[in-house]
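Order of the sequence lines fixes the chain letters, A, B, ..., with proteins taken first and strands second; residue numbering starts at 1 for each chain.
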There are 2 protein chains.
Amino acid sequence: MSITFVHFMLTKHRKQSILAALKRDGQVIAKALSASFEVSEDTIRRDLRELASEGLLQRVHGGALPSSPAVGDFVQRQQINTVAKLAIARKAVELMLPGQVAILDGGTTCVLLARHLPPTLEATIVTHSPSVAVELVNHPGIEVVMIGGRLFKHSMVAVGAAAIEAITHIRADVYFMGVTGIHPTAGLSTGDLEEAYIKRALAARAAEVVVLASTEKVNAASAYVIAEVTAANTVVVERKTPRALTDPLAALGLTILHA
Amino acid sequence: MSITFVHFMLTKHRKQSILAALKRDGQVIAKALSASFEVSEDTIRRDLRELASEGLLQRVHGGALPSSPAVGDFVQRQQINTVAKLAIARKAVELMLPGQVAILDGGTTCVLLARHLPPTLEATIVTHSPSVAVELVNHPGIEVVMIGGRLFKHSMVAVGAAAIEAITHIRADVYFMGVTGIHPTAGLSTGDLEEAYIKRALAARAAEVVVLASTEKVNAASAYVIAEVTAANTVVVERKTPRALTDPLAALGLTILHA
DNA sequence: ATTGACATTGCACGATATTGCACGATACGG
DNA sequence: CCGTATCGTGCAATATCGTGCAATGTCAAT
């Protein structure tokens, strides 16, 4: 039985090792794999064909390449679920009034919001995200204030004591907040502790808090709590988000905007 | 499995690398690609032809250019005099040592410097330019610290009292400074008063100051003085910059590096 | 224990892809 | 206008690919 198990694992383990090597080197070469595993190139080709048919890698002449380049980095996350986020961003833009001071969170939705600010709008944008700042470079009417601090690489926003300190000197009319979860009882939450601190500090400095949440975030909760849901005044959700999900939030006094 | 040293490159991967190099450098040269990939120029020409037919780049005599040159205000300035600035950036990169804390100015040359930091380098980069910060998003080994403040639109860097205040909490090994003029008697100068304040504050917080100056900046002076030239320790200039221009600076004790 | 179904592997072989070289054509710079 | 560098094409050599098939090993049922 153990012999059986070992043999079964050898094939599968070899494929896993191929994927590991691929992730490590960015490419694998059939000939080299053949030598490493001491199997024929035919076997390797078979493995690669099968892995390719499962979408785990991309078959090319001589070996294989990753199916999706650089998974998980910030630039790539910026691409997913774009249509929904774009709709939310466009709707949220309507909440900005001329002359206001607005805080923009990091996150892809807020970058889209920045990109779609009306070209004629004159206002001040406070942000702790360099991406948002860069997005506003060519906007003629927007004054940009950058919150500094150590940059949390995963989400590319300033975090830490320096950022918290800088935030205490800000007073804003509205804060557009991105979350990974908004839940009637669990509250507003996000996946990183440092980010939660920052968002809480930002929310405390804005007269109105607008939460931007795609459907999967509604009635969900992440590890770190930012604040009670009542800390938010308005929630912008997708058009397709069911009323059943948003009604409990509306019952708590929040304004629900469907994009 | 033993570590297999990849001594050659898959065709498709080579094409991806060509595109990456093109995006990074703004141009590629057939001969240089041939040498770096250790294949014949014919193969490179074939690659370039095929990539051009896919619309991924624009074929020109001797190499290739990006198919769609990015447009924009700041982005556009980023394109001018690229080769000279790139050479300076590449030379300046050599001054960075592992584990160091370095301050990077705003400006196109510093963005190029950030882009060309060795992928394996582990260090801390302090910057008041969101563009530089965004450039470092996907660098695995670089810790980024953002100096916040009001963003001066023309050059896209944080300026003002908040930025000055934040800088006082920093201590760096080296400061890569961009200037619009470096003159033996007029000193280091720039075109904006706020920027001059910032650069002066940054220079005061770094153990070593490296000035990056393309030829037209040497022996030139702008409206606002940052400091005496002796505030700088090293000046990186273009290879073509005449000794006659740099000798007066060297006489003042500055190290001159020709890119 | 034996047998048959099934999985995995290696080999043969024709098909396809990639590469480098030769050669004539074309573009660039002085 | 000419020399040089670069370019594109044809071609041959080599490498890689996919498929069919036989050999070996494993598993489950008898």
Minimum heavy-atom distance A:Gly26-A:Pro66, with the two atoms named: O-CD, 3.1 Å
Hey, does the side chain of B:Thr43 come within less than 4.0 Å of C:dT18's phosphate (OP1/OP2), counting only N and O? no
B:Lys199 and side-chain hydrogen bond (donor to acceptor under 3.5 Å, both in side chains): which partner among B:Asp192, B:Asp105, B:Thr190? B:Asp105
Side-chain N or O of A:Arg14 less than 4.0 angstrom from OP1 or OP2 on C:dT9? yes
Would you indicate whether A:Lys15, at its atom NZ, is surrounded by more than 12 heavy atoms from other residues, nucleotides or ligands within a distance under 6.0 Å? yes
When the distance from CD1 of A:Ile44 to C1' of D:dT16 is rounded to whole Å, what number comes out? 14 Å
Between CG of A:Leu33 and P of C:dG10 the distance, given in whole Å, is 14 Å
N/O (side chain, B:Arg46) to phosphate O (OP1/OP2, C:dT18) under 4.0 Å: no
Phosphate OP1/OP2 of D:dA15 contacted by A:Arg45 side-chain N/O (<4.0 Å): no
Check whether more than 12 heavy atoms from other residues, nucleotides or ligands sit under 6.0 Å from atom CD of B:Glu228, and answer yes or no. no
Which nucleotide sits closest to the side chain of A:Ala30: D:dC17, C:dT18, C:dC21? D:dC17
Presence of B:Lys31 side-chain N/O under 4.0 Å of D:dT6 phosphate oxygens OP1/OP2: yes
Taking for each residue the nucleotide of DNA chain D with the nearest heavy atom, is it A:Gly63 or B:Arg49 whose nucleotide lies nearer the 5' end? B:Arg49
Nucleotide of C:dT18, D:dG18, D:dT9 approaching B:Asp42 most closely (side-chain heavy atoms): D:dT9
Residue-phosphate contact under 4.0 Å: B:Ser40 side-chain N/O, C:dT19 OP1/OP2: no
